[in-house]
Amino acid sequence: MMLSLLVFLPVFFALVVAIWPQKSTVRHLALGFSIIEFLVSLLMLQKFDSNSAALQMVEKVSWIDRFGISYFMGIDGISLMLVMLTTFLTPIIILGSWKSIDQRVKGFHSALFILQTAMLGSFLAMDAILFYVFWELSLVPMYFIVGIWGGSRRIYATVKFFIYTMAGSVLMLLAIIFMMNLTPEVTGGVMSASLLDFYKLEIPFISGDFFTTQTMLFFAFALAFAIKVPMFPLHTWLPDAHVEAPTPGSVVLAGVMLKMGTYCFLRWVIPLFPEATEHYGWIFIAAGVIGIVYGALVAMVQPDVKKLVAYSSVSHMGYIIVGLFTMNAYGLNGGLYQMLNHGISTGALFLLIGMIYERTHSREISKYGGLASALPIFTIIFVIVTMSSIAVPLTNGFIGEFLILLGSFQYSPAVAAVSVSGVVLGAAYMLWMVKRVFFGPKGQLVLESEKDAHHALHDLSAREIVVMAPLLLMIFWMGLFPNHFMDYSKVSVDYLIKNKMNYSFPTGAEQAHTEEK
Amino acid sequence: MNSAITIGLSDILLISPMIALFVFSLIPLTIKVLRGNREQNPAASMIEALIGLALSAALLIVFSGNGGATAFNGQLAFDGLTLWIGLISIIIGGGAIVMMYENPATRGAQFSELLFLTLNSLLGALILISAVNLITVFIGLELMSLSLYLMIAMSHEQKISKEAAIKYFVLGSFASAIFLYGVSFIYGSTGTVSTLDLMKNAELLLKNGNHLFLFGFAFIVLGFCFKVSIAPFHAWTPDVYQGAPTPVTSFMATSIKAASFAAFLRIIASKGLIGSDNLFLILQWFAVITMTVGNVAALIQNNFKRTLAYSSIAHSGYVLVGVIASGVSENSAYGASSVVFYLLTYSLMTMGAFAILSMIEKDENNFVQTDDLAGFAKNRPVLALCMTVFLLSLAGLPPALGFFGKLYLFSAAVNEGLLWLALWGVINSVLGAYYYLRPIVVMYMKDGDCNTSPQSNYATAVVVVISALLIIGLGVASGPLFNMIEKSLG
């Protein structure tokens with residue numbers, strides 16, 4: 001019941017928030033709810049056995065028996081940390097949007113909770129159709145969050161986001177239906193949509209022939225996830241969505257939603273289509289590497305600070321793709337770790353940009369300059385987060401990128417060489433941005449605020465410091481003691497690497513950990 | 001044909017839903033005559049009609065629930081298909097009647113007559129659904145359509161509704177003529193017009209190259225393609241749907257279309273497609289063209305009703321995919337139940353969308369553009385949320401019912417090896433999503449003062465909310481429902 005509680009509690013919260021009569025306390029209520037949700041996830045973390053690669057806390061109830069579709073949830077080391085990331089970020093997002101969301105407050109928090117359900121569901125669903133339901137459901141609240149509370153070109157951005165993502169996933173739906181029709185071979189004549197039965201399928205693969213079943217299915221799935229990640233050259237929806245989304249929307253998008261794509265590569269694509277992944281993995285490595293360099297170069301020339309961070313996301317997600325498709329221990333562990341890092345550091349950057357935007361109503365780098373004198377605390381925090389984003393040792397980013405680079409070196413030194421250039425470029429555009437915004441001569445905005453007492457720049461309030469504190473804590477904690485986090489995923493990832501050609505969750509232990517329904 | 005036809009009590013009981021419809025269709029009219037040609041309170045008329053529908057539905061469940069019975073020497077079959085499509089037509093038709101009560105174009109001085117025609121059109125639909133004889137099919141088709149022509153033309157002020165009625169009448173008659181022509185060829189080549197006989201022999205006749213029979217069969221199929229607006233025979237649909245009063249459009253797009261598809265399914269399920277590869281191929285292309293034409297044309301519409309009209313064409317294409325799948329299947333129950341399930345899905349969400357449109361219309365000549373919906377979410381948050389549910393369900397997004405409808409439909413197609421049809425289907429869903437999102441964008445993200453008209457107070461709103469809840473509820477519980485349908489069709 002643990003996982004169901006975790007997934008569906010936010011739906012209940014959304015309903016309560018939607019009908020809450022008192023407008024002034026909606027935010028407090030939502031914050032309280034999201035903290036409860038985080039506590040529930042901590043309870044789940046405590047019950048999790050990190051020494052087992054088995055699927056844990058399994059819940060399986062038949063849902064649509066005619067097609068073998070079941071309500072099937074489970075958690076293992078790979079999904080655990082992403083679930084924690086989701087529940088950890090939500091209270092921060094709600095507290096961070098305290099001031100910036102001032103219209104239709106109830107609607108916003110309801111949408112956020114529904115989104116949380118959808119994201120958690122996609123991480124935990126072990127049935128293909130159930131997964132698809134959550135996966136598509138996540139589009140709807142995000143569509144409203146960008147479309148209602150976003151910037152001036154919000155409608156263009158949100159429709160683009162929706163159509164782009166949906167276009168990717170319908171082919172996956174077709175692939176799922178096709179695989180459901182294959183399952184009678186392994187289940188003894190009954191259709192099934194369970195991931196475990198999918199794992200048992202031996203899908204024919206002929207190397208070099210594009211039109212074989214496994215290759216087609218592989219690309220149908222991979223396309224859906226690559227758009228979500230987004231992988232170069234399918235990334236074009238991301239900068240639009242990020243720039244137009246309200247701050248909390250950007251944080252959810254960068255923090256969790258992009259991870260749905262990379263996580264699903266690990267959960268679905270690699271174990272389901274091992275031969276095709278091995279054979280066509282180079283395409284993804286190449287796209288990832290190009291994404292790293294391209295994202296960094298484009299970020300460098302952005303005049304808008306939010307757009308700069310958006311393109312840095314493209315670059316960072318490129319690292320994760322490279323890490324996953326190297327298919328070795330360093331790469332996979334690094335990729336998984338980098339998912340968390342990116343969620344925290346990019347989420348933090350978007351929050352910080354939101355804070356400065358609330359003060360100046362501008363995101364143009366050229367108008368800033370010399371902010372450090374006006375906003376010292378803000379500057380310190382911003383610089384720390386920047387260090388994390390450009391992977392300076394002692395911060396979390398370093399561990400992830402270093403592991404990925406090790407993995408890519410094992411895969412091919414050439415890939416590693418190009419990827420490393422991304423580290424350099426990343427440092428360049430981030431530090432250059434920091435220099436232009438915070439140091440140097442005082443810019444237009446700072447000068448105006450000094451002249452005009454009404455527009456004086458105030459440093460971070462206590463609320464904003466509370467918002468940033470857990471993120472800063474995580475940056476150093478994850479940077480200094482990576483084992484505290486990796487221990488949870490290590491067994492599962494090792495197991496995946498060892499058994500990737502014929503993957504399934506270990507069954508003996510699975511029984512032991514199945515909760516009695 | 002030599003045995004004398006005897007009519008027993010069982011026949012009467014089986015057709016009791018039709019009798020109920022007819023009797024109740026007369027009640028508001030009779031009251032009007034007794035009152036000296038003055039309308040009684042329209043609410044009373046509406047309630048009488050709804051009672052008739054409820055009674056009819058109940059009788060259908062009681063006497064046809066067990067399935068397999070035939071009435072009048074095998075002229076009418078009361079099997080699972082009749083039961084389910086009959087229930088869908090009747091219940092969704094009830095929604096249309098509620099809309100008629102509150103819509104400005106239909107609640108005028110001729111409300112009783114309109115109800116009389118609506119119930120008789122449903123009676124025709126029931127005959128059409130249950131008929132297993134091509135002549136009876138024709139009788140049902142005509143009774144249904146003739147009532148409908150009048151319903152469209154009855155609106156007082158609109159020129160456009162007269163135009164729509166004439167257009168529908170001319171083209172509908174043309175389609176009926178083609179259908180009859182096909183029947184004559186079938187009778188000429190086989191000596192029978194019973195669908196049951198055809199089901200046994202069609203495959204063989206076609207495989208043996210009986211050209212006369214193929215000719216007749218193809219004409220029957222084309223006649224139905226007209227009725228259910230399959231491209232390239234869809235051209236009448238947008239104009240007629242736009243011209244008709246919105247409640248009547250809703251009735252046409254849901255109850256009538258479901259009934260026509262049921263009869264179509266009955267004839268196609270006679271393994272006709274297994275016998276003729278050409279017909280099989282042509283119908284597949286029809287399905288692809290219909291989906292694409294409907295969706296692409298809907299992309300560029302500004303009139304909201306026209307958008308829904310094109311969307312209904314696109315959905316005909318999806319349904320045709322299922323019809324084809326059950327036509328080539330050795331066990332047609334799977335495909336047929338996916339079609340029935342999809343018709344239920346489609347009717348429910350389309351009716352909901354039309355109901356909201358009907359509430360917004362202020363007078364008879366008010367054409368709601370999509371941009372006119374601006375501000376609806378602020379003024380009517382619950383209704384806007386329901387509209388969002390309908391539109392997302394039409395777009396096929398989970399967990400709404402529309403997603404599961406598509407899932408079952410495309411599963412049936414993939415199961416029959418029609419992967420490319422399913423591929424076109426899902427690609428078209430994306431096209432569809434674009435125009436279904438537009439009203440949502442306008443409702444929620446643009447400023448305006450769209451509100452419901454003052455006459456539309458509660459009744460239609462109740463229908464809307466119930467449909468929206470059903471779409472989510474049945475979506476989550478779609479498994480048992482599908483099992484029930486498949487069991488009764490099997």
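Keep in mind the model is a prediction, meaning the values are calculated, not measured. Note on naming: letters A, B, ... go to the chains in the order of the sequence lines (proteins, then strands), and numbering restarts at 1 for each one.
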Given heavy-atom pairs under 4.5 angstrom as the criterion, report whether the side chain, backbone, both or neither of [X] touches chain A.
{"X": "K406(B)", "value": "neither"}
{"X": "L423(B)", "value": "both"}
{"X": "L431(B)", "value": "neither"}
{"X": "N483(B)", "value": "side chain"}
{"X": "L437(B)", "value": "both"}

Review point. Say you draw a straight line from CE of M445(B) to CH2 of W149(A); how long is it, rounded to the nearest 0.5 Å?
Key: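 Output value for this atom pair is 8.5 Å.
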Practice item. Compute the ring centroids of Y132(A) and F403(B), then answer whether they are less than 6.0 Å apart. Key: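 Between F403(B) and Y132(A), which both carry aromatic rings, the centre distance is below 6.0 Å.
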Looking only at heavy atoms, what is the nearest atom pair of [X] and [Y], with distance?
{"X": "V430(B)", "Y": "M166(A)", "answer": "CG2-O, 4.1 Å"}
{"X": "I64(A)", "Y": "S478(B)", "answer": "CD1-OG, 3.6 Å"}
{"X": "N181(A)", "Y": "S411(B)", "answer": "ND2-O, 4.1 Å"}
{"X": "L137(A)", "Y": "P399(B)", "answer": "CD1-CD, 3.7 Å"}

Which portion of [X] sits near chain B, non-hydrogen atoms under 4.5 angstrom:
{"X": "I148(A)", "value": "both"}
{"X": "I155(A)", "value": "side chain"}
{"X": "I176(A)", "value": "neither"}
{"X": "M180(A)", "value": "neither"}

Practice item. Go through the steps for F162(A) and Y434(B) under the test ring-ring contact (aromatic ring centres under 6.0 Å, His included), then give the verdict. Key: CA-CA 9 Å; F162(A) 195 103; Y434(B) 187 78; over 10 Å; no
**Study point:** Worked check of side-chain contact (heavy atoms from CB on, under 4.5 Å) between V170(A) and I427(B)
**Key:** CA-CA 7 Å; V170(A) 291; I427(B) 291 173; 5.6 Å; no
Are there over 12 heavy-atom neighbours, none belonging to [X], within less than 6.0 Å of that residue's [atom1]?
{"X": "F12(A)", "atom1": "CZ", "value": "no"}
{"X": "W424(B)", "atom1": "CH2", "value": "no"}
{"X": "D102(A)", "atom1": "CG", "value": "yes"}

Note, [X] side chain near [Y] side chain (heavy atom, < 4.5 Å):
{"X": "I177(A)", "Y": "Y408(B)", "answer": "no"}
{"X": "L397(B)", "Y": "V140(A)", "answer": "yes"}
{"X": "R66(A)", "Y": "Y334(B)", "answer": "yes"}

Check your understanding: Looking at W135(A), F134(A), F144(A), which makes the most heavy-atom pairs under 4.5 Å with chain B?
Key ->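 Heavy-atom pairs under 4.5 Å are most numerous for F144(A).
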**Study point:** Parallel, tilted or perpendicular: rings of F482(B) and F67(A) (30°, 60°)
**Key:**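 Correct class here is tilted.
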Practice item. Before giving the answer on side-chain contact (heavy atoms from CB on, under 4.5 Å), spell out for F404(B) and I69(A) the whole-Å C-alpha distance, their side-chain angles and the decisive distance to 0.1 Å. Key: CA-CA 12 Å; F404(B) 292 97; I69(A) 300 167; 5.9 Å; no
Review point. Under the ring-ring contact (aromatic ring centres under 6.0 Å, His included) criterion, do F178(A) and W420(B) qualify, and how do the steps go?
Key: CA-CA 12 Å; F178(A) 188 82; W420(B) 81 290; over 10 Å; no
